[in-house]
Amino acid sequence: MKYYLEAHFNLSGYIPEESKDELQKIFNEFVTKTNETRLEGNFEIQKWESKENKLFLKIDSEDSLSPHVAILRLRKQLSNQFGKKYRLGVRGFNFDKYTIENKIEDFPTSEFTLPLTKKLDFKEQNGKKWVKIEIDPEIEEDFIEKGAIERIVRRVGEKISKQLYGSKKEHHEIVWYSGKKELHTDENPTQLMQKANWIQRTNYRNQWILSPTLTTLAEALKQIMVDQIYKPLGFDQMMIPKLVDWSVWMRSEHAEGIYQGGFEPYFVVQPKEPTPEYFEEIADYITITKTIPSEKLAEKVTAPIGGLSYAQCPPFWVWLQGKTLAKESLPIKIYDWSGPTYRYESGSAYGFERVDELHRIETLFIGSPEQTKKIGGEVREKLRLIFDEVLDLEVREARVMPWWLQQSHKEEEMDAEEELVVGTIDFEAYMPYRGKREDSEWLEMQNVSVIGHKYPKGFSVKAEENIELWSGCCGGSFERFLTAFIAQKGIDQSKWPESFLKYIDKLPEPIKFH
Ligand code: SER
Ligand code: ZN
């Protein structure tokens, strides 16, 4: 990597003539030390000069210390060594020009821009391809301190490789299959349920009303999960918040994946002033015109403060954030179905298998790596039993791109091992109405994930005696379970498996409409 930086320090007063030798000494030592501690590359302060209260520097570096890091170190040295002696405070620094040249694997297929970046140029030199990144000189000091420049350089590479190879999200490897099952229909399950008045679309996109009949079925499924998973494995129920502020999605890294292909949240805004006076004109307008003045209303609310729960577990972590867990409390085993979660499904209207407001059940566990792996395996086994035996569904398990990498839009490689170690297993159901088993799309109903240290780390959770903490979680939605079930078994209860019917006292009669 080749760097060139022009920058200046701002001092609290004029830099005296007699201090120049001292400055020269500081810079010489800095350069010598930098070059001595590195086997390769070259670092050079090409030129420096002081003008009034400003100290200008030109730094060249090739495969050596990056000049912005040099500036951060020099700032410290200058205030300690030099500033004290001459009673000058170092107020800070500004960049005048900063370019970074880095090798790239190939040129991008289409142009792109990046924040805090003034210009990106691509060139070929000596048979190698290079990008020249010009950093915006207005970049704030604290962004530089927090690693923004390193992330700009990395982001350039990531964007190019994504353009060249697309995302790796297609990963899908079938690791288990229930075998063929008795199928009682090949009709579209959404239509079957609609015709039976079990579900009804609302006026709002991909939102449904679940009738008493369908709710009874959802309740039965919950009961099955309690009996088969949560009671025997010792999970407790809790209620996780469903409104998620940015601080949570920053720590879970969802924020960085926003609308990038795996995380499509509903946003939440607040009133700028929550008073009758502030909203009086809106109320008057609605009363008189019977319409909503959307634009006027948009002016009276803030930018999003976060959104509606998307992946269910991230807001759980605020509970443990910054705490040290007692050894005796481990492992923690939780499940939550206390409210819907929301996903903005782009495109047209979908069936019941793809809803914007979904009723998910989340299974969450935290413990040592051994505990976490063990629980992940146990939950997977129990889920397999529920789908395969209790519901008698034709299902398979597939190793897929982990949900947290998908949602945060990271592209890390996952563990290649067959066994569930760190990674996600999806349960998928065959949907006869979509076509043949071999080439139709199966429905993803549920995942089981062992996540590793990501969440404890992201939310700064520790454990007594420095036990390494891992977590895992599993999510499934009743909409998906029921769609899969109806798609294979139809709506005629006489054909349903006894092991499921056992959980249904009496299915309420649907309301009839004339
Ligand atoms: N939180 C995980 C997900 O979003 C499991 O529910 O899929
Ligand atoms: Zn989760």
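Just so you know, these numbers use all the heavy atoms, side chains as well, and skip hydrogens, waters and symmetry mates. Note that ligands are numbered from 1 as they come in the structure, with each ligand's atoms numbered from 1 the same way.
Under a 4.0 Å criterion applied to the non-hydrogen atoms of Glu362, ligand 1 contributes the atoms 1 (N), 5 (C), 6 (O). Counting the atoms of ligand 1 from 1 in the order shown, those under 4.0 Å from a heavy atom of Gln407 are 4 (O). Those atoms of ligand 1 with a heavy atom of Arg343 less than 4.0 angstrom away are 4 (O). Interface atoms of ligand 1 facing Asn447, defined by a heavy-atom separation under 4.0 Å, are 3 (C), 5 (C), 7 (O). Within the listing of ligand 1, atoms 1 (N) sit less than 4.0 angstrom from a heavy atom of Cys313. With ligand atoms numbered from 1 in the order given, ligand 1 contributes 1 (N), 2 (C), 5 (C) to contacts under 4.0 Å with heavy atoms of Cys473.
Aromatic ring centres of Tyr230 and Tyr335 lie closer together than 6.0 Å. Residues Tyr455 and Trp404 place their aromatic rings such that the two centres sit no closer than 6.0 Å. For Phe263 and Tyr310, the distance between ring centers is under 6.0 angstrom.
Taking CG of Leu120 as the reference point, atom OG1 of Thr117 lies at 6.0 Å (rounded to 0.5 Å).
Below 30°, between 30° and 60°, or above 60°: for Phe267 and Trp246 the angle between ring planes is between 30° and 60°, a tilted geometry.
In terms of polar-atom proximity, Gly475 is counted as a contact of ligand 1, with an N or O under 3.5 Å from an N or O of the ligand. Between Trp403 and ligand 1, not a single N/O pair is under 3.5 Å apart. The distance criterion of under 3.5 Å between nitrogen or oxygen atoms is not met by Tyr310 with respect to ligand 1.
Geometrically, Arg396 engages Trp442 in a cation-pi contact defined by less than 6.0 Å to the ring centre and at most 45° from the axis. Both tests do not hold together for Lys272 against Tyr278: distance to the six-membered ring centre under 6.0 Å, angle to the ring axis within 45°.
Around atom 3 (C) of ligand 1, the closest heavy atom drawn from His254, Arg360, Gln406 belongs to Arg360.
Scanning the protein for heavy atoms near atom 1 (N) of ligand 1, the closest one is Ala311 O, 2.9 Å.
Vertex the Zn ion (ligand 2); arms to Cys313 atom SG and Cys473 atom SG; angle 120° (nearest 10°).
With respect to the Zn ion (ligand 2), Glu362 has OE2 as its nearest N, O or S atom.
Residue Ser252 comes nearest to Pro314 through the heavy atom pair CB-CB, 4.1 Å, listed as atom of the first residue, atom of the second, then distance.
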Full working for side chain to side chain contact (heavy atoms under 4.5 Å, CB included) between Phe143 and Arg151: CA-CA 10 Å; Phe143 281 149; Arg151 287 194 290 267; over 6 Å; no
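Under 4.0 angstrom from ligand 1, there are no non-hydrogen atoms of Pro314.
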